[in-house]
Amino acid sequence: RFYTAGGQPHEQNLRISHVRPAERIVMTTDTFIIDSQVHAYERNSPERPWSGFLQGPDEVTGDDMVAAMDAVGVDGALLVSPYSMYGYDASYALETYAKHPSRFGLIRPFDPNSVAIDDEVAQWSGTPGVVGARIMLTYGSYEADHPGINRILAAGARARIPVNVMCSGQLPLLRELVRRNPDTQFVVDHVGLVQPFEPPAPPEPFADLDNVVALAEHDNVAIKISGACTLSHQPFPYLDIWEPLSKILDAFGFERCMWGTDWTRAVSLLTYEQGVKAFQVTDRLSDSERSALMGGSLTKIYNWSPDTGK
């Protein structure tokens, strides 16, 4: 049981046309299907109050997220502690991992203004289940020489964990940070583009595509193709996203690209099943490209994979 774009339990059958026949969908048996970004959170309460709001259901627990993944054959996911709700507190993500250690790798955001960044990143990177750190460039006013931002990036390099960057609208700044931190593995969140929380998609959702593609010049930058379906002006299977996405995939190569849904932020625009199936049924990907994009590349970039016995 999960949610439709209208917030109701999802029971509909997907209507698929002009896509790869379902019986021809092939994922090699030893390749995991891994979602590069999902969220889980409890209902707002005095015991764990939200600091803000993230579009989505009132509650999506770790158990709910695992059930949604199981329903569509997703083996694992990177569980990103939701900044909009919990700020820099990753305690719920840690509790979720404790219940489902075989299914989630953990990522949390860091405060660039903290006086203890080095110690915080070092402690986090040594925590079981941790695979990365995150910087929220979109939600602040920063320059490329910001001490705290650069300390997080340097600490990530020392810890050998990727630093995920929410950077829509800040791509020139990100490019300068990449130049300053050549030893850090950067991961661009959400295709590097502004994505909607509710329909419709922006009139020109790929307007900043040139700045996204320019980041591919740097070998230490990978990119999440997460939430991409929310940029479509068409219904499932979102055929209009593939021409611009192909430019990103060609520029970065599949070894630096990772599919993801950004569930639950996308709940008002599509179902979790649609976010998964859109990449499985398209005929724009070969079997090997699909396997790399939907899990293979992530296992190498994050040095992590779910423990499902594959």
Side-chain angles (χ1 to χ4, degrees), residues 36-39 51-52 54 78-94 97 104-194 211-212 214-224 226 256 258 260 262 298 300-304:
S36 68
Q37 181 143 339
V38 301
H39 301 291
S51 60
L54 180 67
L78 301 187
L79 182 66
V80 180
S81 181
Y83 172 80
S84 298
M85 290 172 164
Y86 295 143
Y88 303 109
D89 176 12
S91 60
Y92 186 68
L94 289 166
Y97 173 79
F104 294 119
L106 301 178
I107 297 170
R108 60 153 285 197
F110 283 84
D111 181 1
N113 297 311
S114 171
V115 297
I117 288 171
D118 294 340
D119 291 341
E120 290 168 355
V121 174
Q123 181 180 15
W124 177 247
S125 66
T127 302
V130 165
V131 301
R134 195 182 196 200
I135 294 174
M136 310 299 291
L137 284 186
T138 300
Y139 299 112
S141 179
Y142 303 107
E143 300 293 336
D145 60 355
H146 188 282
I149 295 289
N150 284 280
R151 284 172 62 197
I152 295 171
L153 293 168
R158 287 193 299 273
R160 297 186 177 182
I161 58 172
V163 179
N164 304 253
V165 187
M166 179 66 178
C167 54
S168 54
Q170 301 288 343
L171 295 178
L173 170 58
L174 176 61
R175 195 171 185 189
E176 181 56 34
L177 289 168
V178 171
R179 292 192 185 102
R180 288 169 174 259
N181 296 272
D183 297 327
T184 302
Q185 174 63 66
F186 288 78
V187 177
V188 177
D189 283 342
H190 308 331
V191 204
L193 301 171
V194 175
N211 279 323
V212 175
L215 289 166
E217 296 177 8
H218 304 277
D219 292 339
N220 60 326
V221 180
I223 188 166
K224 291 182 181 179
S226 49
R256 290 195 284 158
M258 297 166 284
D262 194 24
L298 186 151
K300 297 174 183 178
I301 292 169
Y302 287 92
N303 192 31
W304 176 84

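Side chains included, hydrogens not; waters and symmetry mates left out as well; all remaining heavy atoms used.
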Do [X] and [Y] have side chains that get closer than 4.5 Å, going by heavy atoms?
X: Met258; Y: Leu78; result: no
X: Asn164; Y: Tyr302; result: yes
X: Leu174; Y: Val188; result: yes
X: Asp189; Y: Arg134; result: yes
X: Leu106; Y: Trp304; result: no
X: Val130; Y: Tyr97; result: no
X: Val165; Y: Phe186; result: yes
X: Leu177; Y: Leu153; result: yes

Enter the distance from [X]:[atom1] to [Y]:[atom2] here, rounded to the nearest 0.5 Å.
X: Arg179; Y: His218; atom1: CZ; atom2: NE2; value: 5.0 Å
X: Met166; Y: Lys224; atom1: CE; atom2: NZ; value: 10.5 Å
X: Leu137; Y: Ile149; atom1: CG; atom2: CD1; value: 5.0 Å
X: Ile301; Y: Ile161; atom1: CD1; atom2: CD1; value: 14.5 Å
X: Arg151; Y: Phe110; atom1: CZ; atom2: CZ; value: 12.0 Å
X: Leu79; Y: Arg108; atom1: CG; atom2: CZ; value: 13.5 Å

For [X] and [Y], work out which heavy atoms get closest and say how close.
X: Val163; Y: Ile152; answer: CG2-O, 4.3 Å
X: Ala222; Y: Gln185; answer: N-NE2, 3.6 Å
X: Ile223; Y: Val212; answer: CD1-CG1, 3.6 Å
X: Gly87; Y: Pro109; answer: O-CG, 3.4 Å
X: Ala144; Y: Glu176; answer: CB-CG, 3.2 Å
X: Ser36; Y: Ser226; answer: OG-CB, 4.0 Å

Can you tell me if CG on Asn113 sees more than 12 non-hydrogen neighbours from other groups inside 6.0 Å?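 Yes.
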Does Arg180, at its CZ atom, have more than 12 non-hydrogen atoms belonging to other residues, nucleotides or ligands within less than 6.0 Å?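 Count over threshold, so yes.
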Hey, is Arg158 close enough to Asp118 for a salt bridge, meaning N to O under 4.0 Å?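 Yes.
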Tell me whether the rings of Tyr83 and Tyr139 are parallel (<30°), tilted (30 to 60°) or perpendicular (>60°).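 Ring orientation of Tyr83 relative to Tyr139: parallel.
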Mark yes or no for whether [X], through its side chain, and [Y], through its backbone, hold a donor-acceptor pair below 3.5 Å.
X: Thr138; Y: Gly169; answer: no
X: Trp124; Y: Ile107; answer: no
X: Ser114; Y: Ala116; answer: yes

Listed by chain and number, what are the ring pair (Phe, Tyr, Trp, His ring centres under 6.0 Å) partners of Tyr142, not counting sequence neighbours?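 By the ring pair (Phe, Tyr, Trp, His ring centres under 6.0 Å) rule, Tyr142 matches His146.
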Before giving the answer on side chain to side chain contact (heavy atoms under 4.5 Å, CB included), spell out for Leu173 and Glu143 the whole-Å C-alpha distance, their side-chain angles and the decisive distance to 0.1 Å. CA-CA 7 Å; Leu173 170 58; Glu143 300 293 336; 5.6 Å; no
For side chain to side chain contact (heavy atoms under 4.5 Å, CB included), just list the numbers for Asn220 and Asp183, CA-CA rounded to whole Å, side-chain angles, deciding distance to a tenth of an Å, and then say yes or no. CA-CA 7 Å; Asn220 60 326; Asp183 297 327; over 6 Å; no
Looking only at side chains, do Asn150 and Asp145 share a donor and an acceptor under 3.5 Å apart?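 No, Asp145 and Asn150 have no side-chain donor paired with an acceptor closer than 3.5 Å.
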Side chain to side chain contact (heavy atoms under 4.5 Å, CB included), that's the test. Do His190 and Ser168 meet it? Break it down for me. CA-CA 8 Å; His190 308 331; Ser168 54; over 6 Å; no
